[in-house]
There are 2 protein chains.
Amino acid sequence: MNIGEAAAKSGLSRKMIRYYENYGLLPQAQRSDNGYRHYQASDLRRLRFIHRARELGFSLDEVSRLLALWDDQARASAEVKQLAKTHIVELEQRITELQQLKASLEQLTHCCHGDERPECPILDALAGNDNAVQP
Amino acid sequence: MNIGEAAAKSGLSRKMIRYYENYGLLPQAQRSDNGYRHYQASDLRRLRFIHRARELGFSLDEVSRLLALWDDQARASAEVKQLAKTHIVELEQRITELQQLKASLEQLTHCCHGDERPECPILDALAGNDNAVQP
DNA sequence: CTTGACCTTGCCGTAAGGTTAAGCTTGAAA
DNA sequence: TTTCAAGCTTAACCTTACGGCAAGGTCAAG
């Protein structure tokens, strides 16, 4: 099958497939006489694997390591689990950060009348006026 | 003061200050005879405002709008509040996404022995084997 | 005189592609 | 047969928000 069909069946875009090939996640695709990339079922499995890993939020670098482990029949599952756990910790940190930002913003918006008057504790706080926020 | 001191006092980097000037968040800085940028206390207030807004996760585009509102003595606080609320919603969506990813990954890692054996439900799930996860 | 800190502009690189552009091939309709 | 659209190719530029580095100008101290 050509790249368009492979894209449709894997959930990736044509551009992403070429990008991943260039990035090194995929081997150089076979080419037909006309120069078109040509894919088989085994290639499709790899594409789908990448698609699912990306959906779970793994970076391309992490996907690359997952693929290496996938290719290695003898690898220990502990390695994969460790990679996943590391990723979970990163997600947790990011979530905590965003929650803190959200809490700060909510406190500020809570203090703001939000009417046609110009007084605005949000801008005051950004400007450095600590009296802007009254709990 | 020169750009280095302004950077130290505002919490931004020299590079960021030049970038923001170019981006349009700051007016063209005054220059000394030697061509160095020259800042005053009023400039510092603007730099600090930007710094705080960035810490709260606003994009440069949003910061630009906040600055415009800040500069406008007659603006209604409702506009600022709306901008903040929109940002809160974006944060909420991002947090929810990350939490779902985390939950999926936790379920997978929970099912994985994580020892020296090669069987690994995480890789199986990425490969598309739905039997990998047993709740 | 030299050294080192600070300043200038400007280009390259990042993640993860999206979006054209210019030019092939292929298949089907007119 | 011609022509049209769809699909393919590579290449290059756009995004965010800067960091890093190059090559060079400026300034104060030893």
Side-chain angles (χ1 to χ4, degrees), chain A residues 1-26 28-40 43-44 46-47 49-67 87 90-91 93-94 97-98 101, chain B residues 1-26 28-40 43 46-47 49-67 86-87 90-91 93-94 97-98 101:
Chain A
M1 78 193 79
N2 286 336
I3 196 172
E5 194 178 342
K9 288 187 176 173
S10 67
L12 300 170
S13 69
R14 288 187 297 258
K15 179 77 190 227
M16 287 156 79
I17 293 178
R18 295 194 199 101
Y19 180 72
Y20 293 159
E21 179 182 325
N22 192 260
Y23 188 91
L25 296 186
L26 303 169
Q28 298 284 319
Q30 293 173 29
R31 303 289 185 134
S32 306
D33 291 345
N34 52 20
Y36 289 8
R37 285 175 181 79
H38 190 250
Y39 297 91
Q40 291 172 322
D43 302 314
L44 215 47
R46 198 174 183 85
L47 292 173
F49 182 101
I50 295 172
H51 181 52
R52 291 203 186 83
R54 292 287 298 132
E55 278 183 336
L56 284 176
F58 287 102
S59 71
L60 290 191
D61 189 67
E62 289 169 323
V63 174
S64 175
R65 275 177 281 171
L66 285 171
L67 282 168
H87 190 53
E90 289 167 5
L91 286 175
Q93 290 170 348
R94 188 76 188 122
E97 272 180 39
L98 293 179
L101 291 185
Chain B
M1 78 193 80
N2 286 336
I3 196 172
E5 193 179 342
K9 288 187 176 173
S10 67
L12 300 170
S13 70
R14 288 185 295 259
K15 188 81 183 213
M16 287 154 81
I17 293 178
R18 293 192 199 102
Y19 181 73
Y20 293 160
E21 179 182 326
N22 193 259
Y23 187 91
L25 296 187
L26 303 169
Q28 299 284 319
Q30 293 173 28
R31 303 288 184 135
S32 306
D33 291 345
N34 53 20
Y36 291 7
R37 285 175 181 79
H38 190 250
Y39 297 91
Q40 291 172 321
D43 303 315
R46 199 173 182 87
L47 293 173
F49 183 101
I50 296 173
H51 180 51
R52 291 202 186 84
R54 293 287 297 134
E55 278 183 336
L56 283 176
F58 287 100
S59 71
L60 290 192
D61 188 67
E62 289 168 323
V63 173
S64 175
R65 276 177 281 169
L66 286 172
L67 282 169
T86 299
H87 190 53
E90 290 168 5
L91 286 175
Q93 289 170 349
R94 187 74 187 124
E97 273 180 38
L98 292 179
L101 292 185

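One can place CG of B:N22 at 14 Å from C1' of D:dT16, the figure rounded to the nearest angstrom. Atom pair B:E21:CD and D:dC18:P shows a separation of 15 Å (rounding to whole Å applied). Nucleotide C:dG18 holds its P atom 10 Å from the CG atom of A:L12, rounded to whole Å. Put simply, CD1 on B:I3 is 5 Å from P on C:dT8, counting in whole angstrom units. Atom-to-atom, CE of B:M16 to P of D:dG20 comes out at 12 Å; the value is rounded to the nearest Å. Per the geometry, NE2 belonging to A:H51 stands 15 Å off P belonging to C:dA16, to the nearest Å. Going from atom CD1 of A:I17 over to atom P of D:dG7 covers 14 Å, rounded to whole Å. Going from atom CZ of B:R54 over to atom P of D:dG19 covers 10 Å, rounded to whole Å.
Looking at heavy atoms from C-beta onward, A:R94 lies out of side-chain contact with B:R94 at the 4.5 angstrom threshold. Proximity of B:R37 to B:E21: side-chain heavy atoms (C-beta onward) are separated by under 4.5 Å at one or more points. For the pair A:Y20/A:V63, no side-chain contact is recorded, criterion being any heavy-atom separation below 4.5 Å from C-beta on. When side chains are defined from C-beta on, A:I50 counts as touching A:L67, because their heavy atoms get closer than 4.5 Å.
Here A:S59 does not reach the OP1 or OP2 of C:dA15: none of its side-chain N or O atoms lies under 4.0 Å away. The phosphate of D:dC8 has OP1 or OP2 within less than 4.0 Å of a side-chain N or O from A:R14. Residue A:R37 has a polar side-chain atom (N or O) positioned under 4.0 Å from OP1 or OP2 of D:dT9. Contact annotation: B:Y20 side-chain N/O to D:dC18 OP1/OP2 distance is under 4.0 Å. For B:N34 and D:dC27, the shortest distance from a side-chain N or O to OP1 or OP2 is below 4.0 Å. Taking side-chain N and O atoms only, A:R31 has a distance below 4.0 Å to OP1 or OP2 of D:dT10.
With the nearest nucleotide of DNA chain D identified for both B:L60 and B:K15, B:L60 has the one nearer the 5' end.
With respect to the salt-bridge test (charged N to carboxylate O, under 4.0 angstrom), the residues A:E55 and A:R52 do not qualify.
Using a 4.0 Å heavy-atom distance criterion, A:R18 is classed as a base contact.
Contact of B:Y36 with D:dG25 (side chain to base): a donor-acceptor pair of N or O atoms is detected under 3.5 Å.
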